[in-house]
Amino acid sequence: DGGITQSPKYLFRKEGQNVTLSCEQNLNHDAMYWYRQDPGQGLRLIYYSQIVNDFQKGDIAEGYSVSREKKESFPLTVTSAQKNPTAFYLCASSISAGGVRDTQYFGPGTRLTVL
Amino acid sequence: DAKTTQPPSMDCAEGRAANLPCNHSTISGNEYVYWYRQIHSQGPQYIIHGLKNNETNEMASLIITEDRKSSTLILPHATLRDTAVYYCIVRVPQGAQKLVFGQGTRLTINP
């Protein structure tokens, strides 16, 4: 069954700790994205990757880091430098970045709470 | 990307067609209309998109007016599971782009 998986669904972390959110897709998509959603707010782009071993900062990259060593995986690390990390984190992917094949499909999300 | 306007909320009876309007009067010739929905505490779900012709898939139909200044998403037989916030987005599918969701329409399906 093809799709995007994110784990864990809920994550709790203490202040000062780094935490890594997983995102895996078996859709053979080249492009992957990380967004953050706060209550009652829209999506804000953190990082995106158009191809393996390449990624670019989005609008709110400070305090976050990513890697793209495999086509199917795009993990996001929330570092202790992120001032307000409590949020709903969404991973998305698209066949390609740009063109009519760039429709983004989302995973179920990870809700991160900093205690 | 062109701005969109949607009603903040709508109600629909279960089993009836839900028609969700979207105004995008400043849309340019190469911008597509996309629809997503987000059920509470879940990731957004892609529904459908189109340029100028009407489109239909297993989830919904998209009707775009001839002047492309507005569109309607139609859920033909709404169920309780269709209760969600529906977002209309107008964008050019060019380059890796962030999706910008407006306020959307909160659709409630009533039994």
Side-chain angles (χ1 to χ4, degrees), chain A residues 3-7 9-10 21 23 25 27 29-51 54-61 68 74 87-111 113, chain B residues 1-6 8-9 22 27-53 55-60 62 64 71 73 81 84-106:
Chain A
I4 304 170
T5 57
Q6 292 186 243
S7 61
K9 187 172 176 65
Y10 298 97
L21 282 59
C23 178
Q25 53 96 3
L27 301 168
H29 285 179
D30 281 323
M32 296 186 75
Y33 311 78
W34 273 106
Y35 292 90
R36 168 184 172 141
Q37 187 175 40
D38 293 282
Q41 304 285 318
L43 302 178
R44 290 188 288 171
L45 183 66
I46 304 172
Y47 269 97
Y48 64 95
S49 168
Q50 299 184 69
I51 200 165
D54 181 63
F55 50 83
Q56 284 81 39
K57 294 181 179 180
D59 296 328
I60 56 165
R68 188 85 188 277
F74 191 39
F88 189 42
Y89 289 87
L90 291 158
C91 179
S93 71
S94 60
I95 293 175
S96 66
V100 294
R101 293 159 69 82
D102 83 334
T103 300
Q104 293 181 30
Y105 299 87
F106 286 83
T110 291
R111 191 167 298 279
T113 302
Chain B
D1 293 343
K3 181 178 174 170
T4 62
T5 304
Q6 299 177 254
S9 64
C22 180
I27 192 170
S28 59
N30 58 349
E31 287 183 309
Y32 283 67
V33 180
Y34 287 77
W35 283 84
Y36 282 80
R37 72 180 182 184
Q38 189 169 22
I39 297 168
H40 183 63
S41 294
Q42 296 184 21
Q45 180 184 22
Y46 163 77
I47 301 174
I48 199 167
H49 74 280
L51 181 62
K52 53 184 176 182
N53 297 321
E55 302 287 345
T56 296
N57 63 20
E58 65 277 5
M59 287 184 66
L62 173 61
I64 303 174
S71 60
L73 179 74
R81 291 189 297 180
V85 180
Y86 287 76
Y87 298 98
C88 170
I89 303 165
V90 175
R91 61 189 289 264
V92 178
Q94 184 175 38
Q97 286 186 346
K98 61 186 176 186
L99 288 182
V100 179
F101 286 6
Q103 294 303 307
T105 296
R106 184 173 298 278

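Order of the sequence lines fixes the chain letters, A, B, ..., with proteins taken first and strands second; residue numbering starts at 1 for each chain.
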S.K.: Heavy atoms, side chains only, cut-off 4.5 Å: are A:Y48 and B:K98 in contact?
M.R.: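 Result no, sub-4.5 Å side-chain heavy-atom pair not found.
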
S.K.: Is there side-chain contact between A:Y35 and B:L99, with heavy atoms separated by less than 4.5 Å?
M.R.: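 Yes, their side chains come closer than 4.5 Å.
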
S.K.: Can you tell me how far the CD atom of B:Q38 sits from the CG atom of A:L43, to the nearest 0.5 Å?
M.R.: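 One finds 6.5 Å between CD of B:Q38 and CG of A:L43.
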
S.K.: Around B:L51, counting heavy atoms of other residues, nucleotides and ligands shown, do more than 12 lie under 6.0 Å from its CG?
M.R.: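 Correct, the count exceeds 12.
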
S.K.: Applying salt bridge (Lys or Arg N to Asp or Glu O under 4.0 Å), name anything that partners A:D38, two or more places apart in sequence or on another chain.
M.R.: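 Result, salt bridge (Lys or Arg N to Asp or Glu O under 4.0 Å) vs A:D38: A:R36, A:R44.
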
S.K.: Does any heavy atom of chain B fall under 4.5 Å from the side chain of A:Q37, the backbone, both, or neither of them?
M.R.: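 The side chain, not the backbone.
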
S.K.: What I'd like to find out is whether the side chain of B:S41 reaches to under 4.5 Å of the side chain of A:R111, using heavy atoms alone.
M.R.: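 They are in side-chain contact.
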
S.K.: Strictly distance-based, threshold 3.5 Å: is any side-chain N or O of B:Y34 a donor or acceptor partner for the main-chain N or O of A:T103?
M.R.: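 Not at all, since once roles are kept as given, no pair shorter than 3.5 Å links the two residues.
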
